[in-house]
Amino acid sequence: MLQHIVRMTSFLLFVVLTLVVFLVAQAAVTVDCGKNSVSVRWIDVNSEVDPSLLRLGDCPPTQLSVNPQGSEAVFYAEFLTCNIRRLVTTNEIIFETEITSPTFSKATPIYYPVACTYEREDDWAPPLYDPLLFHTHGQGDLAFRMALMKDDFSGVATTTTFSLGSMIPIAASVAQQNHQPLILLLDECLASTTPELAPDSRVYPLITNKGCLVDSKNTNSRFLPRNQLSEIRLSLQAFKFATGEDVYLHCRLVAWEPRDLDSGNKACQYDRTSSRWVLVDDPSQSSLCSCCDTNCQGRKKRGITADSTAVNSVIGPLVII
């Protein structure tokens with residue numbers, strides 16, 4: 001596996017570029033790890049592989065040439081495109097992918113790992129998305145907001161790198177204009193390695209079954225006491241999922257009438273001391289959480305529809321190491 005190691009005094013601000021040439025079968029491969037990208041040159045003197053069929057990750061060559069002296073494919077890709085993966089460890093940041101050829105080709109399939117490794121500075125953090133702001137115009141204007149927060153919830157987080165087992169503070173809120181007071185709930189939350197969910201996405205469930213914090217059954221993840229009905233705070237214990245990779249939190253936010261909580265609109269967490277589910281906003285109504293281990297169904301509220309009071313939000317990327 002080719003690893004091109006670049007030592008930087010400040011992450012990705014200064015890079016010493018070095019070209020390393022390796023022979024793969026009858027091909028010569030040159031990998032150039034740059035500041036924010038990688039370029040790869042593949043030269044096959046015997047033309048055993050059609051260079052147009054080669055892929056760096058899932059991207060085709062950016063340049064091609066075929067002549068009697070052999071074939072050449074050149075790839076250029078910015079990091080985190082072309083299915084280039086980022087892996088973060090305690091000391092290093094690694095961008096890795098591979099050069100491949102299709103298995104249906106008559107030639108022997110190609111599989112050649114490509115990696116660029118950088119020294120990880122202590123204060124490094126992945127780029128943080130601006131907290132997403134949603135507007136919906138149902139019965140009055142509702143503006144939803146969700147963000148990673150500082151430990152004391154005094155502002156938006158300044159880091160998105162968390163140690164395994166540490167706590168991840170999250171806050172969501174809904175601003176209400178010309179609308180009856182509503183309570184904000186987290187209907188569903190899951191972690192994924194992609195900013196957009198797809199049928200084959202790797203996921204880790206956090207909140208399921210219409211407001212049940214399933215992660216609280218086995219971890220210290222908890223809802224925090226409310227300061228106001230229009231805000232909900234969540235403290236997630238950093239989980240062992242896609243360690244070192246980019247992780248995105250996908251949540252569905254629901255605004256609901258506070259005096260009309262039911263099994264389909266609630267905030268429940270598991271109390272391991274008493275071995276039972278507890279309704280965060282009113283423990284005396286914890287029977288609404290009894291469905292958390294089965295299937296929760298809520299009733300429709302006349303005059304308020306899910307479309308007018310709910311939005312999907314995603315925040316990230318964050319990295320757990």
Side-chain angles (χ1 to χ4, degrees), residues 132 134 144 146-148 162 164-165 167-174 182-224 226 231-243 245 247-256 260-283 285-301 305-307 309-318 320:
L132 297 183
F134 293 87
F144 292 84
M146 184 173 180
L148 294 174
F162 300 91
L164 185 65
M167 305 311 292
I168 304 173
I170 298 170
S173 61
V174 57
L182 297 173
I183 187 172
L184 184 65
L185 302 169
L186 292 177
D187 185 67
E188 180 182 25
C189 282
L190 56 85
S192 173
T193 54
T194 56
E196 296 183 2
L197 293 176
D200 58 347
S201 294
R202 294 167 56 197
V203 298
Y204 178 92
L206 298 166
I207 299 174
T208 63
N209 220 351
K210 301 186 183 300
C212 301
L213 180 56
V214 292
D215 198 48
S216 64
K217 291 200 73 171
N218 301 304
T219 72
N220 292 324
S221 295
R222 287 291 182 268
F223 287 114
L224 301 181
R226 293 184 190 265
E231 182 185 44
I232 190 167
R233 293 180 175 182
L234 178 64
S235 182
L236 287 177
Q237 187 168 25
F239 36 88
K240 193 174 183 180
F241 168 74
T243 305
E245 300 180 45
V247 174
Y248 299 82
L249 300 180
H250 300 260
C251 295
R252 181 171 174 80
L253 283 59
V254 175
W256 195 253
D260 200 40
L261 297 179
D262 59 24
S263 59
N265 297 278
K266 61 190 184 304
C268 299
Q269 61 190 15
Y270 193 76
D271 182 352
R272 284 183 286 170
T273 302
S274 61
S275 299
R276 69 187 187 98
W277 288 95
V278 176
L279 186 69
V280 175
D281 295 298
D282 185 357
Q285 296 188 62
S286 293
S287 59
L288 297 179
C289 303
S290 60
C291 61
C292 281
D293 289 322
T294 54
N295 185 29
C296 296
Q297 297 292 334
R299 65 184 184 275
K300 295 287 184 180
K301 178 66 176 176
T305 66
D307 289 339
T309 59
V311 295
N312 295 318
S313 175
V314 57
I315 53 175
L318 56 92
I320 299 172

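This chain uses plain numbering: 1 for the first residue, then up along the sequence.
Separation of atoms CG (Asn209) and SG (Cys289) is listed at 10.5 Å; rounding is to 0.5 Å. How far CD1 of Ile232 is from CG of Leu224: 9.5 Å, rounded to the nearest 0.5 Å. With rounding to the nearest 0.5 angstrom, the CG atom of Leu186 is 13.5 Å from the CZ atom of Arg233. Rounded to the nearest 0.5 angstrom, Trp277 CH2 and Ser286 OG are separated by 11.5 Å. Between the CG atom of Asn295 and the OG1 atom of Thr208 there is a distance of 10.0 Å, given to the nearest 0.5 Å. Atom OG of residue Ser192 and atom CG of residue Leu249 lie 9.5 Å apart, to the nearest 0.5 angstrom.
Distance check for Cys296 and Cys291: the SG atoms are under the 2.5 Å cut-off. Cys268 has its SG atom at least 2.5 Å from the SG atom of Cys212.
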Could you walk me through whether Ile207 and Phe223 pass the side-chain contact (heavy atoms from CB on, under 4.5 Å) check?
CA-CA 11 Å; Ile207 299 174; Phe223 287 114; 3.9 Å; yes
Steps toward side-chain contact (heavy atoms from CB on, under 4.5 Å) verdict (Cys251, Leu253):
CA-CA 6 Å; Cys251 295; Leu253 283 59; 4.0 Å; yes
Evaluation steps, side-chain contact (heavy atoms from CB on, under 4.5 Å), between Leu261 and Leu185
CA-CA 10 Å; Leu261 297 179; Leu185 302 169; 4.2 Å; yes
Begin with the C-alpha distance, continue with both residues' side-chain angles, and end with the deciding distance and a verdict on salt bridge (Lys or Arg N to Asp or Glu O under 4.0 Å) for Asp293 and Lys217.
CA-CA 11 Å; Asp293 289 322; Lys217 291 200 73 171; 3.3 Å; yes
Walk me through whether Asn265 and Asp260 qualify under side-chain contact (heavy atoms from CB on, under 4.5 Å).
CA-CA 8 Å; Asn265 297 278; Asp260 200 40; over 6 Å; no
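Residues Val311 and Arg252 have side chains not in contact (no heavy-atom distance under 4.5 Å, counting atoms from C-beta outward). Residues Val214 and Leu206 form no side-chain contact, since every pair of their non-hydrogen atoms from C-beta on lies 4.5 Å or further apart. Inter-residue side-chain proximity for Phe162 and Leu318 is flagged as met; some heavy-atom pair is nearer than 4.5 Å. Looking only at side-chain heavy atoms (C-beta outward), Leu184 and Val254 stay at 4.5 Å or farther from each other. With contacts defined as side-chain heavy-atom distances shorter than 4.5 Å, the pair Lys266/Lys210 qualifies. By the 4.5 Å heavy-atom criterion applied to side chains, Ile168 and Ile170 are counted as neighbours. Side-chain contact between Lys240 and Leu164: present, with at least one pair of heavy atoms (C-beta onward) separated by less than 4.5 Å.
Here the options are Thr194, Thr193, Leu190, the test is side-chain contact (heavy atoms from CB on, under 4.5 Å), and the partner is Val203; only Leu190 passes.
Legend: residues meeting salt bridge (Lys or Arg N to Asp or Glu O under 4.0 Å) with Arg222, ordered by chain and number and at least two apart, are absent. Residues satisfying the side chain to side chain donor-acceptor pair (under 3.5 Å) test with Ser221, not counting sequence neighbours, are Asp215, Thr219. Residues satisfying the salt bridge (Lys or Arg N to Asp or Glu O under 4.0 Å) test with Asp282, not counting sequence neighbours, are none. Glu188 meets the salt bridge (Lys or Arg N to Asp or Glu O under 4.0 Å) test with no other residue; sequence neighbours excluded. Residues that satisfy the side chain to side chain donor-acceptor pair (under 3.5 Å) test with Arg276, not counting sequence neighbours, are absent from this structure.
Contact record, Ala147 with Ile315: C-CD1, 4.1 Å, taken as the closest heavy-atom pair. Scanning all heavy atoms of the two residues, the minimum distance from Pro195 to Val314 falls at O-CG2, 3.9 Å. In terms of heavy-atom proximity, Ser201 sits nearest to Ala198 at OG-N, 2.8 Å. Of all non-hydrogen atoms in Tyr270 and Ser216, the two that sit nearest each other are N-OG, 2.9 Å.
Applying the salt bridge (charged side-chain N to carboxylate O under 4.0 Å, His left out) definition to pairs two or more places apart or across chains, those involving residues 193-204 are Arg202-Glu245.
Ring planes of Tyr204 and Phe239: parallel class, angle under 30° (limits at 30 and 60°).
Side-chain atoms of Arg226 come within 3.5 Å of backbone N or O of Glu231 as a donor-acceptor pair.
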